[in-house]
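Just so it is clear, the structure is predicted and the values come from calculations on it, not from any experiment. In the text below, chain A, chain B and the rest are named by the order of the sequence lines, each starting its count at 1.
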2 protein chains.
Amino acid sequence: MQSEKVTKAGQAETKRGYVDACGTAHALELIGERWSLLVLRELMLGPRRFSELKGDLPGISANVLAQRLGELESRGLARRARLPPPASVQVYEATQWGLEAEPIVQALGRWAARSPRHDPTLPISGVSILLSFRTMFDPARARGLEARIGFVFGDMSYVLTIASGALTVARGNVEGCDAVFTGQPEQLAAVVYGGAPVETLQVDGDRVLATRFTNLFELPSKAQ
Amino acid sequence: MQSEKVTKAGQAETKRGYVDACGTAHALELIGERWSLLVLRELMLGPRRFSELKGDLPGISANVLAQRLGELESRGLARRARLPPPASVQVYEATQWGLEAEPIVQALGRWAARSPRHDPTLPISGVSILLSFRTMFDPARARGLEARIGFVFGDMSYVLTIASGALTVARGNVEGCDAVFTGQPEQLAAVVYGGAPVETLQVDGDRVLATRFTNLFELPSKAQ
DNA sequence: CCGTATCCAATAAGATACTG
DNA sequence: CAGTATCTTATTGGATACGG
(Lines give C-alpha, C1' and ligand atoms only; values in the text may rest on other atoms or scores of the structure.)
Protein backbone atom coordinates (compact mmCIF):
# COMPACT_ATOMS: atom_id res chain seq x y z
CA MET A 1 0.00 0.00 0.00
CA GLN A 2 2.83 2.35 0.72
CA SER A 3 5.02 1.19 -2.11
CA GLU A 4 5.20 2.31 -5.68
CA LYS A 5 2.93 1.06 -8.36
CA VAL A 6 3.64 0.62 -12.02
CA THR A 7 1.12 1.53 -14.66
CA LYS A 8 0.44 -0.27 -17.90
CA ALA A 9 2.78 2.18 -19.57
CA GLY A 10 5.53 1.09 -17.20
CA GLN A 11 5.93 4.46 -15.50
CA ALA A 12 6.74 4.44 -11.82
CA GLU A 13 4.35 6.46 -9.73
CA THR A 14 4.84 7.73 -6.24
CA LYS A 15 1.89 7.75 -3.95
CA ARG A 16 -0.41 10.69 -4.16
CA GLY A 17 0.86 13.61 -2.19
CA TYR A 18 0.94 17.36 -2.03
CA VAL A 19 3.98 19.10 -3.47
CA ASP A 20 4.08 21.72 -0.76
CA ALA A 21 6.56 22.47 2.01
CA CYS A 22 3.81 24.07 4.11
CA GLY A 23 3.34 22.27 7.40
CA THR A 24 -0.39 22.26 6.90
CA ALA A 25 0.00 20.28 3.70
CA HIS A 26 2.34 17.84 5.37
CA ALA A 27 -0.12 17.36 8.23
CA LEU A 28 -2.80 16.55 5.69
CA GLU A 29 -0.56 13.89 4.20
CA LEU A 30 -0.21 12.34 7.64
CA ILE A 31 -3.80 12.53 8.88
CA GLY A 32 -5.79 13.95 5.96
CA GLU A 33 -7.26 10.75 4.56
CA ARG A 34 -10.86 10.03 5.23
CA TRP A 35 -11.37 8.60 8.76
CA SER A 36 -7.72 9.07 9.88
CA LEU A 37 -8.28 11.88 12.31
CA LEU A 38 -11.45 10.35 13.70
CA VAL A 39 -9.60 7.10 14.42
CA LEU A 40 -6.88 9.08 16.15
CA ARG A 41 -9.51 10.99 18.11
CA GLU A 42 -10.88 7.71 19.45
CA LEU A 43 -7.42 6.91 20.83
CA MET A 44 -7.06 10.24 22.64
CA LEU A 45 -8.31 8.98 25.99
CA GLY A 46 -6.49 5.66 26.02
CA PRO A 47 -6.02 2.40 24.11
CA ARG A 48 -8.93 0.86 22.27
CA ARG A 49 -9.53 -2.40 20.55
CA PHE A 50 -10.46 -2.89 16.94
CA SER A 51 -14.10 -3.69 17.54
CA GLU A 52 -14.58 -0.74 19.88
CA LEU A 53 -13.19 1.58 17.23
CA LYS A 54 -15.40 0.06 14.60
CA GLY A 55 -18.40 0.40 16.89
CA ASP A 56 -17.72 4.07 17.65
CA LEU A 57 -17.08 5.05 14.04
CA PRO A 58 -20.40 4.29 12.37
CA GLY A 59 -19.96 3.67 8.67
CA ILE A 60 -16.32 2.66 8.67
CA SER A 61 -15.66 -0.77 7.21
CA ALA A 62 -13.26 -3.26 8.71
CA ASN A 63 -10.82 -3.03 5.82
CA VAL A 64 -10.66 0.75 5.87
CA LEU A 65 -10.22 0.77 9.65
CA ALA A 66 -7.40 -1.76 9.38
CA GLN A 67 -5.77 0.32 6.67
CA ARG A 68 -6.03 3.56 8.67
CA LEU A 69 -4.62 1.92 11.78
CA GLY A 70 -1.73 0.58 9.74
CA GLU A 71 -1.04 4.04 8.33
CA LEU A 72 -1.18 5.67 11.75
CA GLU A 73 1.22 3.03 12.99
CA SER A 74 3.71 3.38 10.13
CA ARG A 75 3.65 7.15 10.52
CA GLY A 76 4.42 7.02 14.22
CA LEU A 77 1.05 8.25 15.47
CA ALA A 78 -0.24 5.02 16.97
CA ARG A 79 1.07 1.61 17.87
CA ARG A 80 -0.22 -1.85 18.65
CA ALA A 81 0.00 -2.95 22.23
CA ARG A 82 -1.11 -5.91 24.21
CA LEU A 83 -2.96 -5.35 27.45
CA PRO A 84 -1.34 -7.10 30.43
CA PRO A 85 -2.72 -10.55 31.39
CA PRO A 86 -5.29 -11.76 32.13
CA ALA A 87 -6.84 -9.48 29.48
CA SER A 88 -3.99 -10.11 27.02
CA VAL A 89 -5.97 -8.51 24.27
CA GLN A 90 -4.53 -6.47 21.44
CA VAL A 91 -5.27 -2.77 21.46
CA TYR A 92 -4.20 0.30 19.57
CA GLU A 93 -2.85 3.29 21.40
CA ALA A 94 -1.76 6.75 20.35
CA THR A 95 1.91 7.69 20.62
CA GLN A 96 2.93 10.87 22.39
CA TRP A 97 3.07 12.69 19.07
CA GLY A 98 -0.34 11.30 18.14
CA LEU A 99 -1.75 12.67 21.39
CA GLU A 100 -0.31 16.04 20.51
CA ALA A 101 -2.76 16.23 17.63
CA GLU A 102 -5.50 17.08 20.08
CA PRO A 103 -5.27 20.84 19.38
CA ILE A 104 -6.13 20.00 15.78
CA VAL A 105 -9.21 18.08 16.87
CA GLN A 106 -10.17 20.95 19.14
CA ALA A 107 -9.65 23.63 16.50
CA LEU A 108 -11.79 21.68 14.04
CA GLY A 109 -14.50 21.10 16.63
CA ARG A 110 -14.60 24.68 17.84
CA TRP A 111 -14.75 25.99 14.30
CA ALA A 112 -17.41 23.56 13.13
CA ALA A 113 -19.61 24.35 16.10
CA ARG A 114 -20.44 27.59 14.26
CA SER A 115 -21.71 25.70 11.24
CA PRO A 116 -25.36 26.33 10.40
CA ARG A 117 -25.63 22.75 9.11
CA HIS A 118 -24.34 20.93 12.15
CA ASP A 119 -26.70 18.15 13.22
CA PRO A 120 -26.21 17.52 16.94
CA THR A 121 -28.72 14.67 17.05
CA LEU A 122 -26.45 12.19 15.29
CA PRO A 123 -24.74 9.45 17.30
CA ILE A 124 -21.65 10.52 19.21
CA SER A 125 -18.96 8.48 20.90
CA GLY A 126 -18.02 8.70 24.55
CA VAL A 127 -14.56 9.93 23.64
CA SER A 128 -16.04 12.65 21.44
CA ILE A 129 -18.33 14.07 24.06
CA LEU A 130 -15.61 14.05 26.72
CA LEU A 131 -13.13 15.72 24.38
CA SER A 132 -15.79 18.29 23.56
CA PHE A 133 -16.02 19.12 27.25
CA ARG A 134 -12.32 19.87 27.20
CA THR A 135 -12.82 22.06 24.13
CA MET A 136 -15.91 23.97 25.22
CA PHE A 137 -15.18 24.34 28.93
CA ASP A 138 -15.70 27.87 30.23
CA PRO A 139 -13.44 28.38 33.27
CA ALA A 140 -15.33 31.52 34.27
CA ARG A 141 -18.46 29.47 34.94
CA ALA A 142 -16.49 26.98 37.05
CA ARG A 143 -15.08 29.60 39.38
CA GLY A 144 -14.54 28.10 42.80
CA LEU A 145 -15.69 24.68 41.69
CA GLU A 146 -13.86 21.52 42.67
CA ALA A 147 -15.48 18.28 41.58
CA ARG A 148 -15.02 14.79 40.26
CA ILE A 149 -17.68 13.74 37.78
CA GLY A 150 -18.03 10.18 36.54
CA PHE A 151 -19.46 8.92 33.25
CA VAL A 152 -20.54 5.38 32.48
CA PHE A 153 -21.23 4.59 28.83
CA GLY A 154 -21.89 0.89 28.54
CA ASP A 155 -18.75 -0.85 29.72
CA MET A 156 -16.49 2.19 29.35
CA SER A 157 -16.20 4.71 32.16
CA TYR A 158 -14.44 8.03 32.55
CA VAL A 159 -13.62 10.46 35.31
CA LEU A 160 -13.61 14.20 34.73
CA THR A 161 -11.96 16.44 37.29
CA ILE A 162 -12.45 20.16 37.76
CA ALA A 163 -9.98 21.90 40.00
CA SER A 164 -8.47 25.40 40.02
CA GLY A 165 -10.43 26.34 36.93
CA ALA A 166 -8.96 23.49 34.90
CA LEU A 167 -10.74 20.46 33.50
CA THR A 168 -9.06 17.10 33.00
CA VAL A 169 -10.44 13.84 31.68
CA ALA A 170 -9.22 10.28 31.97
CA ARG A 171 -10.56 6.81 31.62
CA GLY A 172 -11.08 5.11 34.94
CA ASN A 173 -13.39 3.86 37.62
CA VAL A 174 -16.13 6.23 38.74
CA GLU A 175 -16.01 5.19 42.40
CA GLY A 176 -15.51 8.16 44.66
CA CYS A 177 -16.93 10.67 42.16
CA ASP A 178 -19.23 13.39 43.46
CA ALA A 179 -21.75 12.72 40.72
CA VAL A 180 -22.02 10.01 38.08
CA PHE A 181 -23.86 10.12 34.77
CA THR A 182 -24.92 6.80 33.28
CA GLY A 183 -26.42 6.33 29.84
CA GLN A 184 -25.69 7.14 26.22
CA PRO A 185 -23.35 9.92 25.12
CA GLU A 186 -26.18 11.25 22.94
CA GLN A 187 -28.38 11.93 25.96
CA LEU A 188 -25.61 13.86 27.64
CA ALA A 189 -25.01 15.89 24.48
CA ALA A 190 -28.71 16.70 24.29
CA VAL A 191 -28.65 18.14 27.79
CA VAL A 192 -25.32 19.98 27.69
CA TYR A 193 -25.53 21.33 24.15
CA GLY A 194 -29.18 20.91 23.18
CA GLY A 195 -30.92 22.35 26.20
CA ALA A 196 -32.73 19.13 27.10
CA PRO A 197 -33.74 18.90 30.77
CA VAL A 198 -31.22 17.30 33.08
CA GLU A 199 -33.99 15.03 34.36
CA THR A 200 -33.62 12.93 31.21
CA LEU A 201 -30.26 11.69 32.52
CA GLN A 202 -29.56 9.04 35.09
CA VAL A 203 -27.51 10.75 37.78
CA ASP A 204 -26.13 9.22 40.93
CA GLY A 205 -24.72 11.38 43.69
CA ASP A 206 -24.93 15.15 43.93
CA ARG A 207 -27.71 16.23 41.56
CA VAL A 208 -27.19 19.93 42.18
CA LEU A 209 -23.57 19.57 41.18
CA ALA A 210 -24.59 17.51 38.16
CA THR A 211 -26.94 20.26 37.01
CA ARG A 212 -24.30 22.91 37.48
CA PHE A 213 -21.88 20.76 35.52
CA THR A 214 -24.17 20.60 32.51
CA ASN A 215 -24.04 24.39 32.28
CA LEU A 216 -20.27 24.85 32.27
CA PHE A 217 -19.97 24.67 28.48
CA GLU A 218 -20.51 27.35 25.91
CA LEU A 219 -21.16 26.74 22.23
CA PRO A 220 -20.06 29.56 19.92
CA SER A 221 -22.74 31.36 17.94
CA LYS A 222 -23.61 30.22 14.44
CA ALA A 223 -21.90 31.80 11.47
CA GLN A 224 -23.98 33.77 8.92
CA MET B 1 -22.93 16.70 -7.55
CA GLN B 2 -24.81 17.59 -4.40
CA SER B 3 -28.04 15.86 -5.29
CA GLU B 4 -29.17 12.33 -4.71
CA LYS B 5 -28.47 9.51 -7.05
CA VAL B 6 -30.48 6.41 -7.65
CA THR B 7 -28.86 3.02 -8.01
CA LYS B 8 -29.92 0.23 -10.30
CA ALA B 9 -31.84 -1.21 -7.37
CA GLY B 10 -33.77 2.05 -7.16
CA GLN B 11 -32.57 2.97 -3.69
CA ALA B 12 -31.93 6.62 -2.93
CA GLU B 13 -28.48 7.34 -1.57
CA THR B 14 -27.31 10.39 0.28
CA LYS B 15 -23.83 11.67 -0.32
CA ARG B 16 -21.03 10.12 1.67
CA GLY B 17 -20.70 11.54 5.10
CA TYR B 18 -19.76 10.71 8.65
CA VAL B 19 -22.57 9.67 10.98
CA ASP B 20 -21.17 11.54 13.94
CA ALA B 21 -22.40 14.53 15.90
CA CYS B 22 -18.83 15.39 16.92
CA GLY B 23 -17.81 18.82 15.70
CA THR B 24 -14.55 17.43 14.43
CA ALA B 25 -16.38 15.05 12.14
CA HIS B 26 -18.61 17.84 10.88
CA ALA B 27 -15.59 20.02 10.19
CA LEU B 28 -14.11 17.22 8.14
CA GLU B 29 -17.30 17.08 6.09
CA LEU B 30 -16.93 20.79 5.39
CA ILE B 31 -13.21 21.02 4.67
CA GLY B 32 -11.93 17.44 4.87
CA GLU B 33 -11.81 16.58 1.19
CA ARG B 34 -8.47 16.50 -0.49
CA TRP B 35 -7.27 20.06 -1.34
CA SER B 36 -10.14 21.88 0.42
CA LEU B 37 -8.18 23.28 3.29
CA LEU B 38 -5.22 24.20 1.11
CA VAL B 39 -7.49 26.17 -1.20
CA LEU B 40 -8.96 27.95 1.80
CA ARG B 41 -5.46 28.63 3.11
CA GLU B 42 -4.61 30.40 -0.14
CA LEU B 43 -7.55 32.75 0.44
CA MET B 44 -6.50 33.66 3.98
CA LEU B 45 -4.62 36.81 3.01
CA GLY B 46 -7.09 38.14 0.49
CA PRO B 47 -8.94 37.37 -2.74
CA ARG B 48 -7.23 35.30 -5.43
CA ARG B 49 -8.03 34.39 -8.97
CA PHE B 50 -8.43 30.91 -10.35
CA SER B 51 -5.11 30.80 -12.13
CA GLU B 52 -3.20 32.10 -9.12
CA LEU B 53 -4.72 29.37 -6.99
CA LYS B 54 -3.87 26.76 -9.57
CA GLY B 55 -0.32 28.07 -9.76
CA ASP B 56 0.20 28.03 -6.00
CA LEU B 57 -1.25 24.55 -5.52
CA PRO B 58 1.11 22.39 -7.54
CA GLY B 59 -0.58 19.21 -8.66
CA ILE B 60 -4.19 20.34 -8.45
CA SER B 61 -6.10 19.99 -11.67
CA ALA B 62 -8.51 22.57 -13.00
CA ASN B 63 -11.56 20.40 -12.51
CA VAL B 64 -10.73 19.56 -8.90
CA LEU B 65 -9.98 23.22 -8.13
CA ALA B 66 -13.28 24.27 -9.68
CA GLN B 67 -15.10 21.61 -7.69
CA ARG B 68 -13.43 22.61 -4.40
CA LEU B 69 -14.18 26.29 -4.96
CA GLY B 70 -17.78 25.41 -5.68
CA GLU B 71 -18.00 23.38 -2.47
CA LEU B 72 -16.39 26.13 -0.39
CA GLU B 73 -18.87 28.56 -1.90
CA SER B 74 -21.96 26.41 -1.31
CA ARG B 75 -20.85 25.77 2.28
CA GLY B 76 -20.44 29.45 3.06
CA LEU B 77 -16.66 29.48 3.38
CA ALA B 78 -15.80 31.41 0.23
CA ARG B 79 -17.57 33.46 -2.39
CA ARG B 80 -17.00 34.77 -5.87
CA ALA B 81 -16.36 38.46 -6.19
CA ARG B 82 -15.46 40.84 -8.95
CA LEU B 83 -12.62 43.26 -8.41
CA PRO B 84 -13.60 46.90 -8.98
CA PRO B 85 -12.88 48.38 -12.46
CA PRO B 86 -10.59 48.75 -14.25
CA ALA B 87 -9.45 45.30 -13.11
CA SER B 88 -12.98 43.84 -13.25
CA VAL B 89 -11.61 40.37 -12.87
CA GLN B 90 -13.31 37.54 -11.06
CA VAL B 91 -11.73 36.39 -7.81
CA TYR B 92 -12.56 34.09 -4.93
CA GLU B 93 -12.48 35.36 -1.40
CA ALA B 94 -12.95 33.75 1.98
CA THR B 95 -15.99 34.65 4.05
CA GLN B 96 -15.59 35.71 7.66
CA TRP B 97 -16.30 32.17 8.79
CA GLY B 98 -13.80 30.83 6.29
CA LEU B 99 -11.16 33.16 7.69
CA GLU B 100 -11.92 31.80 11.12
CA ALA B 101 -10.52 28.46 10.01
CA GLU B 102 -7.02 29.86 10.39
CA PRO B 103 -6.53 28.27 13.84
CA ILE B 104 -7.07 24.92 12.15
CA VAL B 105 -4.38 25.68 9.60
CA GLN B 106 -2.08 26.80 12.39
CA ALA B 107 -2.71 23.77 14.57
CA LEU B 108 -1.99 21.47 11.65
CA GLY B 109 1.15 23.36 10.72
CA ARG B 110 2.51 23.52 14.25
CA TRP B 111 1.87 19.83 14.79
CA ALA B 112 3.34 18.73 11.48
CA ALA B 113 6.48 20.76 12.06
CA ARG B 114 7.46 18.01 14.50
CA SER B 115 7.23 15.34 11.80
CA PRO B 116 10.47 13.51 11.10
CA ARG B 117 9.44 13.18 7.45
CA HIS B 118 8.74 16.82 6.71
CA ASP B 119 10.56 17.96 3.57
CA PRO B 120 11.11 21.74 3.82
CA THR B 121 12.73 21.98 0.40
CA LEU B 122 9.50 21.53 -1.54
CA PRO B 123 7.89 24.55 -3.20
CA ILE B 124 5.91 26.82 -0.91
CA SER B 125 3.47 29.59 -1.68
CA GLY B 126 3.79 33.16 -0.51
CA VAL B 127 0.63 32.85 1.53
CA SER B 128 1.98 29.72 3.23
CA ILE B 129 5.25 31.24 4.31
CA LEU B 130 3.57 34.38 5.63
CA LEU B 131 0.98 32.37 7.54
CA SER B 132 3.80 30.27 8.97
CA PHE B 133 5.37 33.45 10.32
CA ARG B 134 2.14 34.10 12.16
CA THR B 135 2.19 30.56 13.51
CA MET B 136 5.84 30.31 14.53
CA PHE B 137 6.42 33.86 15.77
CA ASP B 138 8.16 34.02 19.12
CA PRO B 139 7.16 37.29 20.84
CA ALA B 140 9.98 36.94 23.37
CA ARG B 141 12.55 37.33 20.61
CA ALA B 142 10.79 40.43 19.27
CA ARG B 143 10.87 42.27 22.57
CA GLY B 144 11.04 45.99 21.95
CA LEU B 145 10.93 45.56 18.20
CA GLU B 146 8.77 47.75 15.99
CA ALA B 147 9.13 47.20 12.28
CA ARG B 148 7.43 46.98 8.93
CA ILE B 149 8.83 44.28 6.68
CA GLY B 150 7.89 43.98 3.01
CA PHE B 151 7.87 40.88 0.82
CA VAL B 152 7.75 40.81 -2.96
CA PHE B 153 7.06 37.45 -4.57
CA GLY B 154 6.68 37.98 -8.29
CA ASP B 155 3.71 40.32 -8.72
CA MET B 156 2.28 39.72 -5.25
CA SER B 157 3.50 41.75 -2.30
CA TYR B 158 2.84 41.69 1.42
CA VAL B 159 3.53 43.84 4.44
CA LEU B 160 4.26 42.31 7.83
CA THR B 161 4.11 44.53 10.89
CA ILE B 162 5.63 43.87 14.29
CA ALA B 163 4.47 46.12 17.10
CA SER B 164 3.96 45.60 20.84
CA GLY B 165 5.03 41.98 20.56
CA ALA B 166 2.36 41.20 17.99
CA LEU B 167 2.80 40.23 14.35
CA THR B 168 0.28 41.06 11.65
CA VAL B 169 0.31 40.33 7.94
CA ALA B 170 -1.59 41.85 5.04
CA ARG B 171 -1.31 42.11 1.32
CA GLY B 172 -0.23 45.52 0.18
CA ASN B 173 2.40 47.78 -1.23
CA VAL B 174 5.86 47.54 0.34
CA GLU B 175 6.63 51.25 0.05
CA GLY B 176 7.59 52.68 3.39
CA CYS B 177 8.75 49.37 4.83
CA ASP B 178 11.95 49.32 6.87
CA ALA B 179 13.24 46.31 4.99
CA VAL B 180 11.99 44.49 1.90
CA PHE B 181 12.68 40.90 0.83
CA THR B 182 12.39 40.13 -2.86
CA GLY B 183 12.57 36.68 -4.38
CA GLN B 184 10.97 33.27 -4.06
CA PRO B 185 9.17 32.09 -0.93
CA GLU B 186 11.42 29.00 -0.96
CA GLN B 187 14.54 31.10 -0.46
CA LEU B 188 13.00 32.85 2.50
CA ALA B 189 11.96 29.51 4.02
CA ALA B 190 15.50 28.20 3.58
CA VAL B 191 16.89 31.12 5.58
CA VAL B 192 14.26 31.35 8.32
CA TYR B 193 13.67 27.64 8.87
CA GLY B 194 16.61 25.95 7.18
CA GLY B 195 19.54 27.97 8.51
CA ALA B 196 20.66 29.22 5.11
CA PRO B 197 22.66 32.45 5.23
CA VAL B 198 20.67 35.64 4.93
CA GLU B 199 23.05 36.76 2.17
CA THR B 200 21.21 34.45 -0.23
CA LEU B 201 18.24 36.83 -0.10
CA GLN B 202 17.75 40.09 -1.89
CA VAL B 203 17.13 42.66 0.83
CA ASP B 204 16.47 46.36 0.40
CA GLY B 205 16.56 48.70 3.34
CA ASP B 206 17.76 47.88 6.84
CA ARG B 207 19.84 44.71 6.55
CA VAL B 208 20.45 44.44 10.29
CA LEU B 209 16.73 44.50 10.90
CA ALA B 210 16.22 41.95 8.12
CA THR B 211 18.70 39.59 9.74
CA ARG B 212 17.07 39.98 13.13
CA PHE B 213 13.72 39.32 11.52
CA THR B 214 14.85 35.97 10.10
CA ASN B 215 15.59 34.81 13.66
CA LEU B 216 12.23 35.58 15.24
CA PHE B 217 10.74 32.18 14.48
CA GLU B 218 11.12 28.93 16.35
CA LEU B 219 10.40 25.50 14.92
CA PRO B 220 9.37 22.88 17.47
CA SER B 221 11.65 19.90 17.97
CA LYS B 222 11.08 16.71 16.01
CA ALA B 223 8.97 13.94 17.47
CA GLN B 224 10.57 10.54 18.23
C1' DC C 1 -14.90 -13.07 18.92
C1' DC C 2 -10.67 -10.57 16.49
C1' DG C 3 -9.29 -9.32 12.97
C1' DT C 4 -7.50 -10.04 7.53
C1' DA C 5 -8.08 -10.87 2.76
C1' DT C 6 -10.58 -10.65 -1.41
C1' DC C 7 -13.90 -9.18 -4.62
C1' DC C 8 -17.14 -5.80 -6.51
C1' DA C 9 -19.68 -1.44 -7.15
C1' DA C 10 -19.69 3.46 -6.51
C1' DT C 11 -17.09 7.86 -5.88
C1' DA C 12 -13.37 10.83 -6.09
C1' DA C 13 -9.31 12.38 -8.15
C1' DG C 14 -6.09 13.15 -11.99
C1' DA C 15 -4.70 14.06 -16.95
C1' DT C 16 -5.70 16.12 -20.99
C1' DA C 17 -8.20 18.40 -24.47
C1' DC C 18 -11.33 21.82 -25.53
C1' DT C 19 -14.58 26.07 -25.56
C1' DG C 20 -16.37 31.05 -24.83
C1' DC D 1 -8.02 33.34 -18.56
C1' DA D 2 -11.51 30.60 -16.52
C1' DG D 3 -13.24 27.10 -16.44
C1' DT D 4 -15.86 22.23 -18.87
C1' DA D 5 -15.90 17.76 -20.83
C1' DT D 6 -14.17 13.43 -21.18
C1' DC D 7 -11.60 9.59 -20.03
C1' DT D 8 -8.59 6.93 -16.91
C1' DT D 9 -6.96 5.66 -12.47
C1' DA D 10 -7.26 5.41 -7.42
C1' DT D 11 -9.75 5.18 -3.26
C1' DT D 12 -13.59 3.95 -0.65
C1' DG D 13 -17.24 1.19 1.18
C1' DG D 14 -19.92 -3.04 1.56
C1' DA D 15 -20.22 -7.91 1.54
C1' DT D 16 -18.62 -11.69 2.31
C1' DA D 17 -15.19 -15.45 3.29
C1' DC D 18 -11.24 -16.97 5.77
C1' DG D 19 -7.68 -18.03 9.65
C1' DG D 20 -6.35 -17.64 14.84
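- Side-chain proximity of B:R49 to the nucleotides C:dG14, C:dG3, D:dA2 is greatest for D:dA2.
- Of the candidates D:dG13, D:dT12, C:dA13, D:dT12 carries the atom nearest the A:Q67 side chain, counting heavy atoms from C-beta on.
- When only modelled atom types and interatomic distance are considered, A:T200 and A:Q187 share no side-chain donor-acceptor pair under 3.5 Å.
- Atom CD of B:E73 is separated from atom P of D:dA2 by 15 Å (rounded to the nearest Å).
- Closest contact between the side chain of B:A62 and the listed nucleotides D:dC1, D:dT4, C:dA13 involves D:dT4.
- The side chain of A:R16 lies closest to D:dT11 when the candidates are D:dT11, D:dG13, C:dG3.
- Rounded to a whole Å, the CG atom of B:L69 is 14 Å from the C1' atom of D:dC1.
- For B:F50, the listed nucleotide lying nearest its side chain is D:dG3; candidates were D:dG3, D:dT12, C:dA13.
- A salt bridge links B:R68 with B:E71; the closest basic N to acidic carboxylate O contact falls under 4.0 Å.
- In this structure, of C:dA15, D:dT12, D:dC1, it is D:dT12 that holds the atom nearest to the side chain of A:R34.
- Residue-to-nucleotide contacts include no donor-acceptor pair under 3.5 Å from the side chain of B:N63 to the base of D:dG3.
- Between the CZ atom of B:R48 and the P atom of D:dA2 there is a distance of 12 Å, given to the nearest Å.
- If you check the side chains of B:S128 and B:R41, you find a donor sitting under 3.5 Å from an acceptor.
- Of the candidate nucleotides D:dC1, C:dA13, C:dT4, C:dT4 has the atom nearest to the side chain of A:Y92.
- For A:R134 and A:F217, the positive end is not near the middle of the six-membered ring at less than 6.0 Å and at most 45° from its axis.
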